[in-house]
Structures are given as C-alpha cells and as structure tokens.
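Below is one structure, written out as structure tokens, with a few remarks after it.
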Amino acid sequence: MTAFPDVAKIKYEGPDSKNPLAFRHYNPDEMVEGKSMRDHLRFAVCYWHTFRGTGSDPFGPGCAVRPWEDGTDSLDMALKRVDVAFEFMEKLGVPYYCFHDRDVSPEGANLAETNKNLDAVVKKLAESQQRTGIKLLWGTANLFSNKRFVHGASTSCNADVFAYSAAQVKKALEVTKELGGENYVFWGGREGYMTIWNTDMKRELDHLARFFHMAVDYKKKIGFAGTFLIEPKPHEPTSHQYDFDCANSLAFLRGYGLDKEFKFNVETNHATLAKHTMGHELVYASANGMLGSIDANRGDPLLGWDTDQFPTDLYLTAHTMLVVLGQKGLGSGGLNFDAKVRRESFEPIDLFHAHVGSMDAFAQGLKIAAAIRKDGLISDVVKQRYSSWDSGVGASIEAGKESFESLEAYMLKKGDADKNVSGRQELIENVLNRYLR
Ligand code: XLS
Ligand code: NI
Ligand code: NI
C-alpha cells in the first residue's frame with residue numbers, strides 16, 4: 001500500500017529547477033560554514049498537523065482529502081497511519097519528526113488502556129524509525145483536547161486533573177526516551193485562564209512550577225538525556241496563557257529555580273501573537289542561553305489567531321538562521337514545521353508542496369545568513385554603532401569601574417555627550433536586499 005503513489009523521493013535539482021516536487025536550495029550534503037545543510041537545519045515533520053489535520057476551522061469541519069483515513073480514531077487506524085507518516089517523511093527526506101501522545105494513538109476507556117494503545121503504536125514507531133533512520137526530535141503530551149482538561153492540566157482547579165496530567169507526562173517521557181527522542185516539549189495547552197474573576201493565579205502558578213519540578217525529578221530518575229523545552233505562547237486557547245513569551249517564561253523559571261533545567265522552543269506565530277517579531281523572541285532567548293529549538297511557521301497579519309502557516313518568507317528564514325548560526329547551532333533542537341496546509345489546500349499533494357517549499361526557504365535562508373556573516377557589512381554597521389563602548393568611558397562602565405559620582409565628574413568636565421550618529425536603518429535594509437536576489 002502506498003499513500004502517495006504519484007510522488008517519488010524528492011531530490012535536489014538546483015535553483016533553476018521548475019519541478020514543484022524538487023528542492024532548489026535544500027541540498028542535504030552541501031556544506032555551509034563547515035557543516036552540512038542537513039545538520040544545520042535538522043528539519044522535523046509534525047504529526048499533529050500533517051497526519052491528523054483535517055482542515056477544520058472555527059467556522060467549518062474538516063474537508064481534507066486523505067484517502068488512507070477510514071474515518072475512525074481506532075488503534076487499527078493509528079497503526080496504519082504510521083506507515084503513511086513514514087512514507088511521507090522518507091519521500092521528503094526529513095531526518096526528524098515530532099508528536100503528541102494523542103496524535104499517534106487513541107485514548108482508551110481509562111488510563112491503563114490509553115497507555116496500552118500508546119505502547120502498541122510506539123512499538124511500530126520504533127520499528128519504522130529503525131527501518132528508515134528517521135529520528136524523534138521531540139515528544140510531548142496532549143493535555144488540552146480531552147474535556148477533562150477544560151480548566152487546564154497542571155493549573156486546573158481540580159487536583160485530580162493535575163494527578164492525571166502527571167501520570168500522562170510520566171508515560172510520554174518514558175516513550176520519548178524509548179524512541180530516542182532528543183528533546184521533550186511542554187507547550188502550555190490550557191495552562192492559563194479565561195477570566196481573572198474565577199482564578200487563583202498564585203496557586204495556579206505554584207502548581208505549574210510544582211509540575212515542572214516533578215517532571216525534572218522524573219527525567220533524572222529515568223536518565224532521559226534530552227533537553228526539556230518550554231514553548232511560550234501568549235494567548236489561545238485561553239485569553240491569557242501563563243508561558244506568555246520568552247521573557248515572561250524565563251522570569252517564571254528563574255522565580256521557581258527551574259531555569260537551568262529548561263530551554264525554549266520558540267514558535268514564529270506565537271511570537272507574533274505576543275506582538276513580538278520572531279527575531280525579537282529568538283534574539284532574546286539566544287542572548288540568555290535559552291534558545292533550544294524552533295517551531296517553524298508563520299501567522300497571517302490580518303488574522304488574529306495561530307494560523308500555523310508554512311514559512312516561505314526569506315527575511316524570516318534568513319534572520320532565523322542568522323541567530324542560529326550566531327549561537328553555533330540549536331544543539332539537540334531543530335526546525336519543526338508546526339504548520340498546516342490551508343483548508344483550501346485539501347489534496348495530499350499539497351502536503352508535499354508545503355514542506356518542500358518551506359525546507360527550501362530555510363535552506364536559502366541559511367545560505368543568505370552565511371553570506372551576510374561572511375561579508376560582515378551588517379555586523380560592521382552594528383559594531384560601529386556601539387563603538388563608544390569599546391574604549392574610554394564606555395569600556396570603563398562595562399568593566400564595572402564607574403559610579404554615578406565618577407560619571408557626574410566626567411560629564412561636568414566634558415560639558416555634554418558626544419554627538420550621536422545615524423542608526424542607518426535604510427542602509428541596512430538596502431544591504432539586506434542585495435542578499436535576497
Ligand atoms: C500550539 C502549539 C503546539 C505545540 C505542541 O499552538 O504550537 O502545537 O507545538 O504542543
Ligand atoms: Ni508549536
Ligand atoms: Ni502554535
């Protein structure tokens with residue numbers, strides 16, 4: 001059985017290729033700054049959108065054509081779907097995938113049955129990984145779809161739901177470890193609130209921290225060597241999510257003594273929902289040593305929700321890769337396409353177009369970022385802009401040798417600050433465009 005009979009393995013054909021099912025830039029073995037594109041980009045396909053997405057939106061049900069689906073959420077279907085997923089990923093040539101427990105296997109009548117279902121699918125996932133060489137970038141638990149999570153999971157007002165969530169994450173950690181997962185992600189789901197009037201915020205935050213501490217303890221106990229990643233998101237589904245953005249999440253982690261145990265999985269559309277650019281979130285996380293992985297997608301400037309579109313904007317991919325190169329890679333992290341095809345793109349082939357285009361956009365972004373770094377034109381402008389800190393009073397302040405009194409004496413003697421120089425934004429933007437030809 002093949003799910004994609006019309007698609008052969010996607011190959012690199014070079015920038016002049018007109019073949020929509022070929023890479024024009026993603027050439028896995030091509031070396032950039034001494035490392036292969038494959039190792040720089042560490043692409044992952046996400047199971048939830050790509051193999052469970054139906055095209056439903058708040059205004060209508062799913063309409064995606066998926067001939068291999070039998071319309072059930074049965075264990076049998078879950079097992080068949082693994083073959084579809086691995087056929088897709090092998091043809092695409094991605095090294096990694098990511099999943100939530102409930103994407104890959106259905107819930108049973110109780111926790112024990114649910115875990116049993118998961119074990120059956122994990123067995124097949126392990127065999128498929130073995131056969132294809134495709135690896136697990138990260139695993140996670142879905143603590144938001146089932147109605148028991150209506151008030152959240154670890155921040156629920158119902159202590160039993162906290163307990164259920166702990167049991168579920170325990171199991172998800174075990175299977176992630178079993179499958180050689182390189183990270184484990186915590187996205188808040190419904191960890192937040194709809195109205196402050198019914199919410200004991202302090203208690204909920206304490207519970208969230210308690211949950212993370214338990215997860216860290218269990219990680220150490222079972223010897224899971226992957227990285228723990230928090231995925232910030234400011235809103236949706238709740239009106240105020242607790243892991244709002246990178247700065248807010250870092251403050252939370254530090255406040256509860258958890259910051260050494262986690263990094264961030266930064267998602268483009270979450271950054272923009274927080275009224276940040278992706279660039280802001282990436283640089284903030286990276287500057288604090290917290291950039292662990294990326295959920296690569298984009299939003300729609302005219303729609304106020306997490307549209308999770310495939311990223312094709314070269315300004316975005318080039319800047320993202322500039323930050324990644326700047327910190328010498330993502331370590332155990334990667335670029336996970338947490339993205340879904342539009343509802344209007346309902347044919348199976350659209351899944352290939354979407355991934356091929358975004359992989360190419362990131363490969364091109366990587367080449368652009370490397371060229372920007374090589375030329376140094378932009379970094380020279382930035383360096384020049386801060387040159388007053390390289391010597392004299394600037395260097396002395398940075399070295400911690402000055403005080404309010406000494407700086408007052410310095411300025412009284414000098415009379416006024418040196419003249420400012422231009423920020424050169426337009427110049428930088430023009431230089432940038434030279435690389436995006
Ligand atoms: C939802 C999140 C989710 C996480 C994994 O907005 O992006 O898909 O990546 O739980
Ligand atoms: Ni995500
Ligand atoms: Ni998201």
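Excluded from the calculations below are hydrogen atoms, water molecules and symmetry mates; all remaining heavy atoms, backbone and side chain alike, are included. Just follow the structure's listing: the first ligand is 1, and inside any ligand the first atom is 1.
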Counting only heavy atoms closer than 4.0 Å, does ligand 1 sit against the backbone of Asn142, its side chain, both, or neither?
neither

So, 4.0 Å and heavy atoms of Glu236: is ligand 1 close enough to count as a contact?
no

Note, Met321 side chain near Leu41 side chain (heavy atom, < 4.5 Å):
yes

For Trp48, atoms of ligand 1 separated by under 4.0 Å from a heavy atom:
8 (O), 9 (O)

Only pairs under 3.5 Å count here: list side-chain donor-acceptor contacts from residues 244-253, not counting sequence neighbours, and write none if there are none.
residue : atom : partner : partner atom : Å
Asp245  : OD1  : Ala247  : N            : 3.4
Asp245  : OD1  : Asn248  : N            : 2.8
Asp245  : OD2  : His276  : NE2          : 2.8
Asn248  : OD1  : Phe244  : N            : 3.4
Ser249  : OG   : Asp245  : O            : 2.8

For Tyr26 together with Phe43, are the ring centres under 6.0 Å from each other?
yes

Could you tell me if any non-hydrogen atom of Val185 lies under 4.0 Å from any atom of ligand 1?
no

the protein heavy atom lying closest to atom 10 (O) of ligand 1 turns out to be His100 NE2, 2.7 Å

With a sphere of 6.0 Å drawn around NZ of Lys9, does it hold more than 12 non-hydrogen atoms of other residues, nucleotides or ligands?
yes

Check whether the side chains of Trp187 and Asp243 place a donor and an acceptor atom closer than 3.5 Å, and report yes or no.
no

Can the ring centres of Tyr47 and His100 be said to be less than 6.0 Å apart?
no

Looking only at protein heavy atoms, identify the closest one to atom 8 (O) of ligand 1 and say how far it is in Å.
Asp338 OD2, 3.0 Å

Just jot down the ligand 1 atoms closer than 4.0 angstrom to any heavy atom of Asp295, in number order.
9 (O)

We want to know whether Asp308 and Asn297 form a side-chain donor-acceptor pair, criterion being a heavy-atom distance below 3.5 angstrom.
yes

Donor-acceptor pair, side chain of Arg52 and main chain of Val104, under 3.5 angstrom:
no

Are there over 12 heavy-atom neighbours, none belonging to Phe144, within less than 6.0 Å of that residue's CZ?
yes

We want to know whether Thr132 and Glu90 form a side-chain donor-acceptor pair, criterion being a heavy-atom distance below 3.5 angstrom.
no

Looking at the rings of Phe262 and Phe264, which for Trp means the six-membered one, are their centres under 6.0 Å apart?
no

Taking the six-membered ring for Trp and the single ring otherwise, decide whether the centroids of Phe212 and Tyr256 are under 6.0 Å apart.
no

Identify the closest protein heavy atom to atom 2 (C) of ligand 1: which residue and atom is it, and at what distance?
Glu231 OE2, 3.2 Å

Polar proximity ligand 1 side, Thr140 side, N/O cut 3.5 Å exclusive
no

Does an N or O anywhere in Glu267 fall below 3.5 Å from an N or O of ligand 1?
yes

Tell me how many protein N, O or S atoms are within a distance shorter than 2.8 Å of the Ni ion (ligand 3).
3

Asn265 to ligand 1: N or O pair under 3.5 Å?
no

Do Lys233 and ligand 1 have an N or O pair less than 3.5 Å apart?
yes

